[in-house]
Engineer: 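Before anything else, here's the structure in question.
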Amino acid sequence: MADVTPIRIKRLSKSFDGRKVLDDISLEVTSGENLVVFGRSGTGKSVLLKCAVGLMKPDKGEVFLLGENIFNISTKKLNGIRKRIGFLFQSAALYDSMTVRENLAFPLVRNFRFSEKEINEKVVRALEMVNLAEAIDKMPAELSGGMKKRVGLARGIITQPEIMFYDEPTTGLDPLTSKEISVLIRDLQTELNMTSIVVTHDLICAEIIADRAIFLKDAKVKYEGTIQELVRSDDPFLKNFFSHEILNA
Amino acid sequence: MQIPKAITKKRLSFSEKVYNFFVTMSGLTVFTWEFFKQSFFPPFDIAEIKKHMAELGVKTLPIVSMTGFIIGLVMALQSQPVFERLGASDYLPGIVAVSVVRELAPVITALIFAGRVSSGIGAELGSMRVTEQIDAMEVSAVNPFKFLVVTRVIATTLVLPLLTIYVIFLALAGSYLAVILAQNMSYQYYQTAVIDAIHFGDLLPGILKTFVFGYIVGIVGAYKGFTAEGGTEGVGRASTTAVVLSSLLILLFDTILVKLSLLIWPT
Ligand SMILES: Nc1ncnc2c1ncn2[C@@H]1O[C@H](COP(=O)(O)OP(=O)(O)OP(=O)(O)O)[C@@H](O)[C@H]1O
Ligand SMILES: [Mg+2]
């Protein structure tokens, strides 16, 4: 099974209280590819990511991660798959009763057999990657929003997952840090051949990391292509969207 | 694990409230089933359980100590004149001891424990739920039910009986204080009177039922927190409804268990 497509989403639909948020969405991300997802606020980008990892159950449709239909396998098998994926929440979702160190060590301690020394090294290395080595013994409550985001990112990648889902990895970061994080995501892709879906509004970030981009609108994948194609598109909606993005950036 | 979902909106009609009541009951049943299924299989988070037990102890010891001492003191003070009028002062220590051991210490300790701990667990897990920390655990292949719920419920189930035994001793001390304030009784006499009065059939069911109460406090708090939704307001709701529900269930199960224990150990 060497050539299996890491992420395959088939005809996914999800509504809340009768309102369709995702309508018959299908997409594939090939091995080592970075897919960027654009969309106005509230269009269902986070919902898409949560359905993709099984945190939310879609009303219809299937999701295949690393070849397995995640809504159709045992919990044990699902956890086996989940050990090989990473997820950065839009809210970072750090465990607020644990220090930064414990947050990062948590998936390692729970799921893998590493010595204490190895865990410590990995934690320090992951924090260095996101430029937060000094925050190691802080509590989440003592961190700024952008710092939380970066700790969340470090926690997501510490297990060196094969697939990574990023929900707005650079929102709330200053332009320079934002660029560094984008480069980090790109490097992870090239060095570890990570496959990922990145939700972002940040065009600079998207330009650095995207192999391909899609645009969600009205619960559908409305546009698809490279960043250049989307930005240069003559479609009035896209023109409007990206001109604002550029002004803001 | 399939947890039935309650109807969440501001104003509920009567039939919707009844529906939600059954949702809660079946939710608690699912949680109980899941708890017993998961607590017998490794990994056992002994360290986590110990941590929770220590926290629970520290959290409840001061209030429980005060209450324990005062239950005994007040019970004896109140009964003193009545017993004297009946010319039965010598029986006072024994009667107080029996009521403390059989009913007062277990139930009052459990109710205080519910107020302090069920709300705490509800709020803690509730805020972990609404800030997506539970989702984060799940997606990193850690079983949040096992890590968060099972450990806490085991801790409450083990801590409450210990607290109750402690409260019994304090209450007996309180009642001794009341007795020597009112009449001349040696400690020796008091001790013998108490020990003679308390039978095995008093002590055992009194302590055994606190395991059930401790379990109720843990599982109700955990259920309410785990299923919380709707932001900060939902966390508040989880915390308060946990106290109300666990207190009611404690009283309900007290009635059932007392009836049962009288069948098993007739006095
Ligand atoms: N648990 C939920 N219950 C009810 N509705 C929900 C729930 N989660 C999301 N929604 C609805 O689904 C829609 C999409 O939400 P989502 O969080 O995916 O937006 P988004 O595209 O990520 O927006 P943003 O860019 O602001 O993060 C929203 O309109 C929201 O109201
Ligand atoms: Mg979002």
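The basis for the numbers below is simple: all heavy atoms, side chains too, and nothing from hydrogens, waters or symmetry mates. All chains are named by letter (A, B, ...) in the order of the sequence lines, taking the proteins before the strands, and each is independently numbered beginning at 1.
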Engineer: Please state whether the side chain, the backbone, both or neither of A/Leu94 comes within less than 4.5 Å of a heavy atom of chain B.
Structural biologist: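 The backbone, not the side chain.
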Engineer: Return yes when atom CZ of B/Phe169 has more than 12 non-hydrogen atoms of other residues, nucleotides or ligands closer than 6.0 Å, and no otherwise.
Structural biologist: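 No, not enclosed.
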Engineer: For atom NZ of B/Lys51, is the number of surrounding heavy atoms from other residues, nucleotides or ligands below 6.0 Å larger than 12?
Structural biologist: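 Atom NZ in B/Lys51 is packed in, count exceeds 12.
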Engineer: What verdict does the side chain to side chain contact (heavy atoms under 4.5 Å, CB included) test give for A/Arg110 and B/Asp45, after you've listed the backbone C-alpha separation in whole Å, the side-chain angles of each residue and the deciding distance to 0.1 Å?
Structural biologist: CA-CA 10 Å; A/Arg110 291 262 133 197; B/Asp45 291 295; 2.6 Å; yes
Engineer: Can you give me the closest heavy-atom contact between B/Ala136 and A/Ala93, atom names plus distance?
Structural biologist: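 Shortest heavy-atom contact: CB-O, 3.9 Å.
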Engineer: Can you tell me if B/Leu252 has over 12 outside heavy atoms packed within less than 6.0 Å of its CG?
Structural biologist: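 More than 12 within 6.0 Å, yes.
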Engineer: Side chain, backbone, both or neither: which part of A/Tyr95 has a heavy atom under 4.5 Å from chain B?
Structural biologist: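 Both parts, backbone and side chain.
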Engineer: How about CZ on A/Phe71, more than 12 heavy atoms from neighbouring residues, nucleotides or ligands closer than 6.0 Å, or not?
Structural biologist: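 Yes, enclosed.
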Engineer: Taking all heavy atoms of B/Ser140 and all of A/Asn111, pick out the closest pair and write down the distance.
Structural biologist: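 Looking at all heavy atoms of both residues, the closest pair is O-ND2, 2.6 Å.
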Engineer: Taking CE in B/Met25 as the centre, count heavy atoms belonging to other residues, nucleotides or ligands within less than 6.0 Å. Is the count above 12?
Structural biologist: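 Yes - once you tally the heavy atoms of other residues, nucleotides and ligands closer than 6.0 Å, there are more than 12.
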Engineer: Report yes or no: does B/Glu138 contribute a side-chain atom to a donor-acceptor pair with the main-chain N or O of A/Leu55 at less than 3.5 Å?
Structural biologist: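 No; judged by distance alone, with no hydrogens or angles, the pair does not exist.
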Engineer: Could you state the interatomic distance from NZ (A/Lys50) to CD (B/Glu132), rounded to the nearest 0.5 Å?
Structural biologist: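 That separation rounds to 3.5 Å.
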Engineer: For B/Val139 and A/Arg82, which heavy atoms make the closest approach, and how far apart are they?
Structural biologist: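 Residues B/Val139 and A/Arg82, closest heavy atoms: O-CB, 3.6 Å.
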Engineer: Is it the case that over 12 heavy atoms from other parts of the model lie below 6.0 angstrom from the OH atom of B/Tyr166?
Structural biologist: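 Check passes, neighbour count above 12.
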Engineer: Does any backbone or side-chain atom of B/Asn143 lie under 4.5 Å from a heavy atom of chain A? Answer side chain, backbone, both or neither.
Structural biologist: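 Looking at B/Asn143, nothing touches chain A.
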Engineer: More than 12 heavy atoms of other residues, nucleotides or ligands under 6.0 Å from CZ of A/Phe112: yes or no?
Structural biologist: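 Result for CZ/A/Phe112: enclosed.
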